Amino acid sequence: MDQLMRKYPLGIQTFERIIKDNYIYVDKTDLVWELSHFATFVFMSRPRRFGKSLLTSTLESYWSGDKDLFKGLKIEGLEQEWEHYPVLHFDLSTTKHLSPDEVRDELGLQLAEYEELYGSNSLETSPGMRLGGVITRAKEQTGKQVVVIVDEYDAPLLDVLHDDPRLHEMREILQEFYQRLKKLEPYIKFCFITGITKFSQLSIFSTINNIKNVTLNPRFSAICGFTEEEVRTVFAQDIERMAKEFELSPEDMYAKIKLMYDGYHFSANSPAVFNPFSLLNAFMDDDLQNYWFASGTPTFLIRQLKHFRTDITSLDNLEVPADAFDQPTENMINALPLLYQSGYLTIKGYDRMTGAYTLSFPNQEVRVGYIKGLLPAYIGVQSSDVQMGFAAKFWLALRKGDIDLALQHMQAYLAGVPYIEGFKKKLAEAATAEGFWEFTFYLIFSMLNVYVRTQVKVAKGRADMVVFMPDTIYVIELKTGGSAEEALRQIDERGYAEPFKTDGRKIVKVGVNTNKETRTIEEWKIVKS
């Protein structure tokens, strides 16, 4: 395909259209074939805009026996029969933000399409009864078992997670719909259900007791998203074109793209995959922006973080067992399962001896975008305000190793921060003044893509904050209403800097005292090792 005519399938979620209209397609059909024959009932969770809808469309074309669409693809060497089965494909993304009655009506509209093909019965009045009738008649009329595909099955539920009356009513509608799948199991050839979260109390999990959850199965870890090999081959000319635009070598350009959009792991020790939505946008624009995060506000997620009083400074490099993040949504005792399931955290490591997973932000896009979303919610400051002038000066000072100048910039910025009432309110609401300032420093450092850890354990206690730069490690202790000297003394007495002395980088100890009344840094002292 000519470089100038390359067609990126952004917003195109139909496999048939991608193939017929010559859009770029990363061949996943070998995995599609394996998934189709893995089990009768299959569930998979993946974050939004990660190719779930394209996957369901590809499954529909495969089970419909559309052999010509798959010409030249990997599945050609696997499939021999290409039988046509009746396929019922439901897309529940259209039910977002709807009332229970509106959800019932939307299910009815989608069922009506199949009732035109296979007939209807006036006695079938509910969505579940109509689904059962369509499946039964399709099997009787074609002599073939039926394939059922449900995309974004959980869309009606995400907005009502903590609204118990509405959640109960919505769950009852969906249970009545899904329970027919279990009752008609002999009529079903294959059933695939996908979404973001896992609601165990829906009948797909509670009554279909043989449903296989392949969310963490290593066989299918790369079925959504692009692997390094796929990016380097399918998009080689795109990387070269962007490299010229950025005045970089292709290898350096790839490294920047990888840092920005790679890093998702959907099973233990699986290869990393790129976010397909962001990568395609980057190649189309010849630019590197936070496309995935900008495509949808994290409102529902922030609501859950605040509901569970989540310590947002503890979310990086978490070591947890699988049942801490692969949990049914109704059983959550914290926001961790939603953070993982919705793609804000991903698997970064696995210890087979302990069974512990390490979770972290996938990449720079998610880390920076996530932090920008949290700034107004947690400290009452808009991310746009942080970026106007202050960010560049603060970052340059840090890059030069001048922490004194960086703190001067932060002091001046915080003293004149806009939205002051919101800032004061957040400070008043904080459990401790030091905790608020810890949040504030963490969010600002993180938004600038500076690696920072808080409450770092050492033998004699916990350091408030450790900031990692290429040549320097800053060990920071915060006080409110005390003194910078007192903060420095605590760093020394409790040995906060000791674990980093063999790192090879310079160690700089920083004691900071903040003022609750002026809402900014009052003084600081710096000791370079």
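These values consider heavy atoms only, across backbone and side chains, with no hydrogens, waters or symmetry-generated copies. Note that the structure is predicted; figures quoted are calculated from it, not measured.
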Salt-bridge criterion met for [X] and [Y] (N-O under 4.0 Å):
X	Y	value
E230	K28	yes
E76	K67	no
K348	E319	no
E115	R130	yes
D101	R104	yes
R241	E245	no
K182	E185	yes
K74	E34	no
E83	K144	yes
K7	D21	no

State the [atom1]-[atom2] distance between [X] and [Y], to the nearest 0.5 angstrom.
X	Y	atom1	atom2	value
S221	L31	OG	CG	8.5 Å
D30	I75	CG	CD1	8.5 Å
M170	D154	CE	CG	12.0 Å
L338	I196	CG	CD1	9.0 Å
Y254	I239	OH	CD1	7.0 Å
L55	Q13	CG	CD	11.5 Å

(request) From the options Y261, Y344, F274, select the one residue that forms a ring-ring contact (aromatic ring centres under 6.0 Å, His included) with W292. (result)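 Testing each of Y261, Y344, F274 against W292, the sole residue satisfying ring-ring contact (aromatic ring centres under 6.0 Å, His included) is Y344.
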(request) For a ring-ring contact (aromatic ring centres under 6.0 Å, His included) with W63, tell me which candidate from F70, F190, W33 qualifies. (result)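 Filter result, single survivor: F190.
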Would you say [X] and [Y] make side-chain contact, with heavy atoms under 4.5 Å?
X	Y	result
I24	F283	no
L92	D151	no
V146	Y85	no
L10	M284	yes
V26	T227	no
L107	F90	no
M44	N213	no
Y153	D91	no

Under 3.5 Å, is there a donor on one side chain and an acceptor on the other for [X] and [Y]?
X	Y	answer
N281	Y8	no
N275	Y291	no
Y62	E79	yes
E365	S278	yes

(message) Set out, in order, the CA-CA distance, both residues' side-chain angles and the distance that settles side chain to side chain donor-acceptor pair (under 3.5 Å) for T29 and D27, then state yes or no.
(response) CA-CA 6 Å; T29 56; D27 189 356; 2.6 Å; yes
Taking the six-membered ring of [Y], is the NZ or CZ of [X] close enough (under 6.0 Å from the centre) and on axis enough (within 45°)?
X	Y	result
R49	F277	yes
R17	Y23	no
R46	F266	yes

Donor-acceptor contact present, side-chain [X] to main-chain [Y], <3.5 Å:
X	Y	answer
D287	Q289	no
H265	S270	yes
Q141	Y118	yes

Taking all non-hydrogen atoms of both residues into account, name the closest pair between [X] and [Y] and its distance.
X	Y	answer
S57	T14	OG-CA, 3.4 Å
E106	L98	CB-CD1, 4.4 Å
P337	A324	CG-O, 3.5 Å
T95	P156	OG1-CG, 3.0 Å
T142	A138	OG1-O, 2.7 Å
V366	F361	CG1-CD2, 4.2 Å

(message) Does Q237 form a side chain to side chain contact (heavy atoms under 4.5 Å, CB included) with R6? I'd like the steps, not just the answer.
(response) CA-CA 10 Å; Q237 62 183 283; R6 286 171 71 76; 3.2 Å; yes
(message) Taking atom NE2 as the centre, does H168 end up with more than 12 heavy-atom neighbours from other residues, nucleotides or ligands that are less than 6.0 angstrom away?
(response)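 Counting other residues, nucleotides and ligands, NE2 of H168 stays at 12 neighbours or fewer.
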(request) Could you tell me whether F226 and F235 have their ring centroids closer than 6.0 angstrom? (result)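 Distance test on ring centres: under 6.0 Å, yes.
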(request) Give a yes or no on whether the ring-centroid distance for Y264 and F50 is below 6.0 angstrom. (result)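 Yes: the rings meet the under 6.0 Å criterion.
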(message) With side chain to side chain contact (heavy atoms under 4.5 Å, CB included) as the criterion, how do I347 and L216 come out once you've worked through the C-alpha distance, each side chain's angles and the decisive distance to 0.1 Å?
(response) CA-CA 10 Å; I347 297 169; L216 292 175; 3.9 Å; yes
(request) List the steps, then state whether side chain to side chain contact (heavy atoms under 4.5 Å, CB included) holds for E228 with D262. (result) CA-CA 8 Å; E228 177 170 1; D262 192 22; 5.6 Å; no
(message) Could you go through F15 and Y25, starting from their C-alpha distance and side-chain angles, then the distance that decides it, and tell me whether this counts as ring-ring contact (aromatic ring centres under 6.0 Å, His included)?
(response) CA-CA 9 Å; F15 176 73; Y25 177 66; 5.4 Å; yes
(message) Test salt bridge (Lys or Arg N to Asp or Glu O under 4.0 Å) on E251 and R232; report intermediate values, then the result.
(response) CA-CA 10 Å; E251 197 60 34; R232 285 187 176 274; 2.8 Å; yes
(request) Go through T94 and Q110 one step at a time and tell me if the side chain to side chain donor-acceptor pair (under 3.5 Å) criterion holds. (result) CA-CA 10 Å; T94 57; Q110 296 193 31; 3.2 Å; yes
(request) Using the six-membered ring wherever Trp is involved, compare the ring planes of Y350 and Y357 and label them parallel, tilted or perpendicular (cut-offs 30° and 60°). (result)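 Y350 and Y357: tilted rings.
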(request) Could you please spell out the steps behind the side chain to side chain contact (heavy atoms under 4.5 Å, CB included) verdict for K256 and L288? (result) CA-CA 9 Å; K256 287 181 73 70; L288 301 176; 4.0 Å; yes
(message) Checking side chain to side chain contact (heavy atoms under 4.5 Å, CB included) between S61 and each of I19, L69, V87, which is the one that passes?
(response)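 It is L69, the one option of I19, L69, V87 that forms the side chain to side chain contact (heavy atoms under 4.5 Å, CB included) with S61.
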